[in-house]
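These numbers come from the heavy atoms of this one structure, side chains and all, not from hydrogens, waters or symmetry mates.
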Amino acid sequence: MADLSRSSHAKGSDEVKDFICSSCKEQAHADFYCKPCLKLYCGKCIQLHDKWFKKHLAYGRNDMKKWPVLKQVKEFLLKCQAHKDDKIELLCDDHSQLCCTKCAFNNHSQCSKVTQISELTNSQPTGLERLSVELETVLGEIKTLQISQEASIKLLQMTYNEHSAVMIEQMRGNLNTYIDECDNNYVGISGGNEQYLKEEMCRNVVSIVNEFDNITAKELNKMKDEVISIKGSVTSSIHKCTCLHNDLLQILEIVQKTGDNKELCLIASIKCKHIIQQALTLLGKSNKVFNVQSNTVHYVRIPSDSDECRISGICVLPDGQVLVIDRRNKNVKLLNQQYQVVSHWDVTARPCDMCQITPSEVAVAVDVNDSNIHEVQFITVIQGKLVLGRKFQLQHECKGIAHHQGDLFVTSGQELYKYTLNGKQICSIYEDRSFEYTVYKCAVSPTGDRLYITNYRQDKLLTLARDGTLLATYTDPALVYPLGLHVTPAGQVLVCGRWFNTVLQVGWEGESKLAKLATQEDGVSWPLSVCYSSTTSSIIVGQGDDNILVFRVE
């Protein structure tokens, strides 16, 4: 194999380069390999080869399994990621993880089965052709996601600009209205009073401008901060997409260059599956099943509560603090990392649901039919305190709320709407007026391409495309009166059945149950809300009593 030529391999880089022609002075990429010659040829040189060696059979790129394996491919596949100077030799079945002897000794000594790769080559299928197809599919989805996220950033900026223009126009309108009133009042005014009226007019104009500075400008700055925060999150996600896209391309090239070496094929297969799983997680399509390890109970009632709690919404902040809404006692409570109430805000109306906007801000859906109050209230957590922000009114009931990259999704009980962050209604996405509460709580997938809805009256979980097209309907004997609904950052769907006190994990497609995570035997009682904390690897369940449940999961 000494005669085989390869392109240069950059020092310190893991990038695997392509084959180049063994004979060509132009260093052209090779398109053929002749096994008898042990040489690679470009399209031009293969013509001379075929003329001189008519009995030799050369293999093209469509048959690269017959080609030799690049030295760089071997190095890339066999190199341990944790110990760069050591070679992968083992597979831990417990963790589905490739490892060198150092990794096995340090991290897998207690695992039940650690096997040498050489012993597995005949027993484990690689399925590289199928994995290649999956890689190409995932590559396309990652690219589509990246394009969608870039569009979201532009829409976010447009939303802020529109809101800013509306606020300024309102101030101008207030000034014009006041000036018109002053013009009308000037009729019949004597010269002695004219100076006084001018001074009064100046004072009122200054008052209107100051009001704009103190209230509207503050609101605009807060919204600007929201836009910056969301844009930062989206930009970070785009960066992850770009990095993963490059990794996918590289592993795809490697998979196509592993040849017939069974050991390398097996290692490539395992690495390929791992990176596909990373991509599915980024795409919000992870069906990894949670495994409950333990659970604890935490008391969230406070002295000012007049009744038993009804925890109908939960949000977990990145620092581990937890916000819960108590529908019956009409308040929002802030819990510290030990799930103790450290602050609260009393609401004049009933808070029904809550969603996270930025790492420190949430939007609360507030709704009381009798008083005709339907609004979204923004709340920020600052140094352990709840600080009220802007709010906007709705012309319909407000039962559930979810957020994705500047879009707010709000349910009315029978309809799902989309709003901007400044309260502008964009469209109605879905409706079902056959019963009351057929469109109750909602959640959105991490990539924003799927929406989930609980149909409380008909015991269903609905999965919709972003345009409202019904993709799937899920029913289950354990899912009677579904209420609490949550989608994790990896796309795992959690839903609560109130009647039989269950917490289920449903596949991201919304078509099948993956696990029954908790039941009445685990202490679940009237589950009204559910949320996953990636900070603590816990599932938090809000109930129809004074306690929340925290389930530690793997």
Side-chain angles (χ1 to χ4, degrees), residues 294-371 373-391 398-401 441 483-484 486 496 498 501 503 518 520 522-533 535-536 538-552:
S294 62
N295 68 295
T296 52
V297 182
H298 301 272
Y299 189 74
V300 294
R301 186 166 180 174
I302 56 178
S304 59
D305 288 343
S306 60
D307 213 331
E308 190 176 43
C309 299
R310 293 287 185 270
I311 307 302
S312 59
I314 305 172
C315 277
V316 181
L317 304 183
D319 61 2
Q321 294 184 98
V322 180
L323 281 164
V324 300
I325 53 176
D326 184 346
R327 188 177 64 195
R328 176 168 283 183
N329 290 300
K330 298 180 182 178
N331 57 37
V332 180
K333 299 170 181 175
L334 176 65
L335 317 182
N336 62 18
Q337 289 88 342
Q338 290 73 45
Y339 306 104
Q340 300 166 328
V341 181
V342 294
S343 181
H344 75 281
W345 167 63
D346 292 320
V347 192
T348 54
R350 185 190 305 116
C352 293
D353 200 6
M354 175 170 52
C355 67
Q356 193 162 343
I357 305 298
T358 73
S360 60
E361 184 185 44
V362 298
V364 180
V366 179
D367 192 85
V368 176
N369 274 338
D370 296 343
S371 306
I373 297 175
H374 316 296
E375 62 188 29
V376 174
Q377 172 71 63
F378 291 80
I379 301 176
T380 304
V381 178
I382 301 176
Q383 296 180 347
K385 300 293 182 182
L386 301 180
V387 179
L388 297 189
R390 71 185 185 282
K391 64 181 177 181
C398 186
K399 303 300 183 185
I401 190 168
K441 292 296 180 75
L483 273 176
H486 177 72
C496 301
R498 196 201 77 177
N501 301 314
V503 180
Q520 190 167 347
D522 302 304
V524 179
S525 174
W526 278 51
L528 306 178
S529 55
V530 63
C531 188
Y532 172 71
S533 169
T535 306
T536 60
S538 301
I539 294 173
I540 306 170
V541 180
Q543 307 191 112
D545 59 24
D546 296 332
N547 301 310
I548 60 170
L549 300 179
V550 179
F551 295 89
R552 294 280 301 197

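- Looking only at distances, a side-chain donor or acceptor of S538 sits under 3.5 Å from a matching main-chain atom of T536.
- Side-chain N or O atoms of N329 include one that pairs as donor or acceptor with a backbone N or O of D307 at under 3.5 Å.
- If you take CD1 on I382 and OG on S343, they are separated by 11.5 Å, rounding to the nearest 0.5 Å.
- Residues V347 and N331 share a closest heavy-atom pair of CG2-CA, 4.0 Å.
- With D305 as the fixed residue, the side chain to side chain donor-acceptor pair (under 3.5 Å) test singles out one of H344, R328, K333: K333.
- For the pair Q356 (side chain) and T358 (backbone), a donor-acceptor distance under 3.5 Å is present.
- In this structure a side-chain-to-backbone donor-acceptor pair under 3.5 Å is missing from R498 to P527.
- Side-chain contact check for I357 versus F378: some heavy-atom pair is nearer than 4.5 Å.
- Atoms CE and SG, from M354 and C531 in turn, are 8.0 Å apart once rounded to the nearest 0.5 Å.
- The backbone N or O of L528 lies less than 3.5 Å from no partner atom in the side chain of S312, so there is not a single donor-acceptor pair.
- Atoms OG1 and CD, from T535 and Q321 in turn, are 11.0 Å apart once rounded to the nearest 0.5 Å.
- Remark: the backbone N or O of G484 is not paired with any side-chain donor or acceptor of S529 at under 3.5 angstrom.
- Side-chain contact between T348 and K330 is absent, with no heavy-atom pair separated by less than 4.5 Å.
- Put simply, the side chain of W526 does not reach to within 4.5 Å of the side chain of D545, judged on heavy atoms.
- Atom CZ of R310 sits about 14.0 Å away from atom SG of C352, to the nearest 0.5 Å.
- Atom OH of residue Y299 and atom CG of residue N547 lie 7.5 Å apart, to the nearest 0.5 angstrom.
- Heavy-atom neighbours of Q520 CD from other residues, nucleotides or ligands within 6.0 Å: at or below the threshold of 12.
- With L335 as the partner, the side-chain contact (heavy atoms from CB on, under 4.5 Å) test is satisfied by one option alone out of V342, L323, I314, V322: V322.
- Residues satisfying the ring pair (Phe, Tyr, Trp, His ring centres under 6.0 Å) test with Y532, not counting sequence neighbours, are F290.
- Sequence neighbours left out, the pairs with a member in residues 346-368 that pass salt bridge (charged side-chain N to carboxylate O under 4.0 Å, His left out) are D367-K399.
- I311 is listed as a side-chain neighbour of V300, based on a closest heavy-atom distance under 4.5 Å.
- Screening D522, I540, V297, T296 against L549 for a side-chain contact (heavy atoms from CB on, under 4.5 Å) leaves a single residue, V297.
- At least one side-chain heavy atom of I401 sits under 4.5 Å from a side-chain heavy atom of V376.
- No side-chain heavy atom of V332 sits under 4.5 Å from any side-chain heavy atom of V324.
- Side-chain contact between L388 and W345: present, with at least one pair of heavy atoms (C-beta onward) separated by less than 4.5 Å.
- Residues I548 and Q543 form no side-chain contact, since every pair of their non-hydrogen atoms from C-beta on lies 4.5 Å or further apart.
- In this structure, SG in C309 is found 4.0 Å from CG in D326, a value given to the nearest 0.5 Å.
- When the salt bridge (Lys or Arg N to Asp or Glu O under 4.0 Å) test is applied to R552, no partner is found at least two apart in sequence or on another chain.
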